[in-house]
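Here is the naming used below: chain letters follow the sequence lines, and residue numbers restart at 1 for every chain.
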Amino acid sequence: MSVVCRFAPSPTGFLHIGGARTALFNWLFARHYGGKFLLRIEDTDRTRSTPEAVEAIFDGLRWLELHWDGEATFQFARASRHAETARKLLAEGKAYRCYCTPEELEAMRAKAKAEGRSMRYDGTWRERDPGEAPPGVQPAIRIKAPQHGVTVIRDRVQGNVTIANEQLDDMVLLRADGTPTYMLSVVVDDYDMGVTHVIRGDDHLNNAARQMQLILALGWPVPEYAHIPLIHGPDGAKLSKRHGALGVDAYREMGYLPEAVRNYLLRLGWAHGDDEIISTAQAIEWFDLEGVGRSPSRFDFAKLANLNGHYIRLTDDTRLVDLAAARLETALAAPVDEDGRRRLLKGMPGLKQRAKTLVELAEIARFYVHRRPIPLDDAAIRQLDGEGRDRLATLLDMLSAVGDWRAAALETAVRGLAESGGVKLGQLAQPLRAALTGGTTSPPIFDVVEVLGREETLGRIKDILNRR
RNA sequence: GUCCCCGUCGUCUAGAGGCCUAGGACUCCGCUCUUUCAAGGCGGCAACACGGGUUCGAAUCCCGUCGGGGACGCCA
């Protein structure tokens with residue numbers, strides 16, 4: 001059987017990290033089985049849906065490289081098809097018109113709460129003669145759901161979940177204004193799109209039972225369900241704006257690589273033995289619903305950062321240069337010129353193993369592209385007081401005479417100078433580092449000297465010596 | 001409140017009755033490498049929620065308790 005999955009977000013905000021994981025699992029599952037991964041925008045709530053949110057979802061998915069097959073489906077555009085389905089059920093006697101007013105429903109809800117029951121529509125109009133309908137009231141259409149027995153959800157992650165039909169009421173299919181509800185739309189769209197596997201957050205587990213009743217009433221095949229646990233915040237509660245339920249764009253902003261985010265999200269709630277670093281190709285090969293756990297997991301930035309550092313180290317230097325340069329141009333409010341890019345590329349091997357995010361990468365790479373004179377931080381200034389400055393002067397003389405401007409030769413020369421002067425290498429290296437990078441930490445200093453080149457190196461040293 | 005789900009180191013997890021003196025990863029702490037900071041290598045701290053069963057034997061099965069989460073809309 002061929003597999004058809006779908007990711008169906010509602011465009012009421014950004015694509016948050018939980019949604020991203022749901023999309024990832026669907027995508028992985030579809031790719032693993034050589035099936036389709038469809039995207040459906042559930043925009044039936046006209047007051048809350050925005051075009052910006054739709055774009056944010058597209059952008060987020062594209063950034064994560066979770067490409068969907070075909071064109072995205074917009075649910076609202078299919079409203080007439082949904083309504084038609086509801087009327088079909090009405091004609092078959094599997095649904096009925098309900099003339100209750102919002103006030104009556106509110107009273108029903110209050111009563112149920114007072115009696116300690118869960119709120120369920122009491123079926124007032126289920127058997128009542130439509131002739132008794134109050135004049136001028138537009139009816140909603142409700143499904144005539146089974147009142148006894150149980151509905152069993154066969155779930156690939158949760159196992160068999162049994163819900164007593166008494167727990168479920170006659171849900172509204174079509175609102176009084178003729179618009180379809182979510183329950184109806186989802187069922188009809190999944191059927192029309194040929195969805196075989198519904199993989200979504202387990203906050204929909206209860207809905208699955210209701211949707212099954214609808215599907216059964218329609219005589220359609222029930223898809224395979226897989227309700228995956230939600231991602232929680234550090235406090236254990238459902239991820240919300242309160243604790244940084246950020247859009248995936250925020251993760252991009254913070255300097256995470258899409259492959260790192262994918263790897264991290266994959267390991268949240270899914271495992272393949274002790275494997276931690278899993279390439280996307282490997283993930284496609286290994287992924288299946290059996291490996292999905294049933295308990296909710298908490299989001300941990302430290303582990304994401306660790307993974308991100310790993311992927312940065314694996315990333316091709318030229319791609320890293322592009323990424324870092326873009327951030328530097330913003331930070332320095334100036335374009336990174338040819339010289340700057342050349343230095344970034346040459347220095348990247350030393351840079352990339354020192355950064356956990358692209359933000360850090362840009363920060364530590366900054367000195368390579370900053371124009372003279374470069375800014376000094378406090379620790380660097382301390383290195384360049386008195387003694388340090390004197391040593392720098394000695395270094396300038398010696399370096400001016402070096403012919404072979406390569407790290408190894410440079411190091412030999414400086415080591416020789418240290419030895420003859422009776423000082424430790426660090427006593428020369430640190431002032432030099434301060435002068436060249438403006439700070440006290442950097443990639444190996446002789447690599448820095450080589451990358452900067454003779455002219456720039458000597459220039460930066462002179463800048464320090466000439467400070468008043 | 002009602003219904004549903006969950007409960008292994010701080011976090012993510014391995015574990016499908018003996019292989020568990022419970023493994024890996026992140027974090028943290030040492031040591032090592034070293035011109036700085038990293039990365040790397042080595043080592044350490046740290047968990048089966050609790051109580052009953054079942055069994056020769058339970059982290060694994062059953063029941064209960066406690067704890068956590070989710071769902072209860074003419075929202076999606």
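Legend: residues meeting ring pair (Phe, Tyr, Trp, His ring centres under 6.0 Å) with A:Trp286, ordered by chain and number and at least two apart, are A:His272. Taking the salt bridge (charged side-chain N to carboxylate O under 4.0 Å, His left out) definition, one finds that A:Asp45 meets it with A:Arg48, sequence neighbours left out. Under the side-chain contact (heavy atoms from CB on, under 4.5 Å) criterion, A:Thr440 pairs with A:Ala379, A:Gln383, A:Gln430, sequence neighbours left out. Under the ring pair (Phe, Tyr, Trp, His ring centres under 6.0 Å) criterion, A:His310 pairs with no residue at all, not counting sequence neighbours. In this view, A:Phe25 and A:Phe287 satisfy the ring pair (Phe, Tyr, Trp, His ring centres under 6.0 Å) rule, not counting sequence neighbours.
Residue A:Met183 contributes atom CE, which lies 12 Å from atom P of B:rC75 at whole-angstrom precision. For A:His82 and B:rC74, the NE2 to C1' distance is 17 Å, given to the nearest whole Å. Rounded to whole Å, atom P of B:rC26 lies 12 Å from atom CG of A:Asp300. As rounded to whole Å, 16 Å separates atom C1' of B:rU2 from atom CG of A:Asn165. We find that CZ of A:Phe76 is positioned 15 Å from C1' of B:rA76, with the value rounded to whole Å. Note: CZ (A:Arg298) to P (B:rU27) measures 19 Å, nearest angstrom. The interatomic distance linking A:Ile231 (CD1) with B:rG69 (P) rounds to 17 Å, in whole Å. One can place CZ of A:Arg210 at 13 Å from P of B:rA76, the figure rounded to the nearest angstrom.
For B:rA76, neither phosphate oxygen OP1 nor OP2 lies less than 4.0 angstrom from any side-chain nitrogen or oxygen of A:Arg40. Side-chain N/O atoms of A:Ser297 include one lying less than 4.0 angstrom from OP1 or OP2 on B:rU13.
A:Ala140 comes within contact range of at least one nucleobase, with a heavy-atom separation under 4.0 Å. Residue A:Ala302 is in sugar-phosphate contact alone, with no base atom involved, counting any heavy-atom pair closer than 4.0 Å across all strands shown. At a threshold of 4.0 angstrom between heavy atoms, the contacts of A:Gly269 are confined to the sugar-phosphate backbone, with no base atom among them. Using a 4.0 Å heavy-atom cutoff across all strands shown, A:His204 reaches at least one base atom of the nucleic acid. Within 4.0 Å (heavy atoms only), A:Asp43 reaches no atom of the nucleic acid at all. A:Thr44 comes within 4.0 angstrom of sugar-phosphate atoms only, judged by non-hydrogen atoms across all strands, and of no base.
Nucleotides B:rC6 and B:rU65 are separated by 16 Å at their C1' atoms, to the nearest Å. To the nearest whole angstrom, the two C1' atoms, one in B:rG67 and one in B:rA76, are 30 Å apart. If you take atom C1' in B:rG68 and the same atom in B:rG52, they sit 22 Å apart, rounded to whole Å. Distance check on atom P: B:rA59 versus B:rG53 gives 15 Å, rounded to whole Å. B:rG30 sits 23 Å from B:rU35 when the C1' atoms are compared, rounded to a whole Å. Here the separation of B:rA22 from B:rC31, taken at their P atoms, is 27 Å to the nearest Å. B:rC29 and B:rU34 have their P atoms separated by 23 Å, given to the nearest Å. Comparing the C1' positions of B:rC12 and B:rC3 gives a spacing of 30 Å, expressed to the nearest Å.
Side-chain N/O atoms of A:Asp170 and A:Tyr96 include a donor and acceptor closer than 3.5 Å. There is no side-chain donor-acceptor pair under 3.5 Å between A:Arg433 and A:Thr437. Between the side chains of A:Gln213 and A:Asn165, at least one donor N or O lies within less than 3.5 Å of an accepting N or O.
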For residues 358-367 of chain A, which side-chain donor-acceptor pairs fall under 3.5 Å, sequence neighbours excluded?
| residue | atom | partner | partner atom | Å |
| --- | --- | --- | --- | --- |
| A:Glu360 | OE1 | A:Lys356 | N | 2.9 |

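Applying the salt bridge (Lys or Arg N to Asp or Glu O under 4.0 Å) test to pairs two or more places apart or on separate chains, those with a residue in residues 299-309 of chain A are A:Glu276-A:Lys303. Listed by first and then second residue, the ring pair (Phe, Tyr, Trp, His ring centres under 6.0 Å) pairs that reach into residues 420-446 of chain A come to none, sequence neighbours excluded. Screening residues 176-193 of chain A for salt bridge (Lys or Arg N to Asp or Glu O under 4.0 Å) gives A:Arg6-A:Asp190, A:Arg40-A:Asp189, A:Arg40-A:Asp190, A:Arg78-A:Asp189, A:Arg78-A:Asp192, A:Arg81-A:Asp192 as the qualifying pairs, with residues at least two apart or on separate chains.
Nucleotide B:rG7 forms a pair with B:rC66, judged by Watson-Crick or G-U wobble geometry with both contacts under 3.5 Å. Nucleotide B:rA14 forms no Watson-Crick or G-U wobble pair with any nucleotide shown, as no partner meets the under 3.5 Å limit on both distances. Under the Watson-Crick or G-U wobble criterion, with both distances below 3.5 Å, B:rG1 is paired with B:rC72. Judged by Watson-Crick or G-U wobble contacts below 3.5 Å, the nucleotide B:rC31 has B:rG41 as its partner.
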Kindly give the atom pairs (protein nitrogen or oxygen, nucleotide nitrogen or oxygen) under 3.5 Å for nucleotides 4-7 of chain B.
| residue | atom | partner | partner atom | Å |
| --- | --- | --- | --- | --- |
| B:rC5 | O2' | A:Gln158 | OE1 | 3.4 |
| B:rC6 | OP1 | A:Arg294 | NH1 | 2.8 |

Under 3.5 Å between N/O atoms: give me all the protein pairs with nucleotides 19-25 of chain B, atom names plus distance.
| residue | atom | partner | partner atom | Å |
| --- | --- | --- | --- | --- |
| B:rG23 | N2 | A:Asp274 | OD1 | 2.8 |
| B:rG24 | N2 | A:Arg267 | NH2 | 3.4 |
| B:rG24 | N2 | A:Glu276 | OE2 | 2.7 |
| B:rA25 | O4' | A:Glu276 | OE2 | 3.4 |
| B:rA25 | N3 | A:Lys303 | NZ | 3.1 |

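Residue-to-nucleotide proximity on RNA chain B shows that, of A:Tyr264 and A:Glu42, the 5′-proximal contact is made by A:Tyr264.
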Footprint string (nucleotides 28-47 of chain B, 5' to 3'): B base within contact, S backbone only, - free, heavy atoms under 4.0 Å: -------BBBBSS-------
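For A:Arg142 and B:rC74, a side-chain-to-base donor-acceptor distance below 3.5 Å is absent, hydrogens and geometry of angles not being considered.
Note: A:Phe301 and A:Phe299 have perpendicular aromatic rings, judged against thresholds of 30 and 60 degrees for the angle between ring planes.
The two residues A:Leu214 and A:Ile143 have their closest heavy-atom pair at CA-CD1, 3.8 Å.
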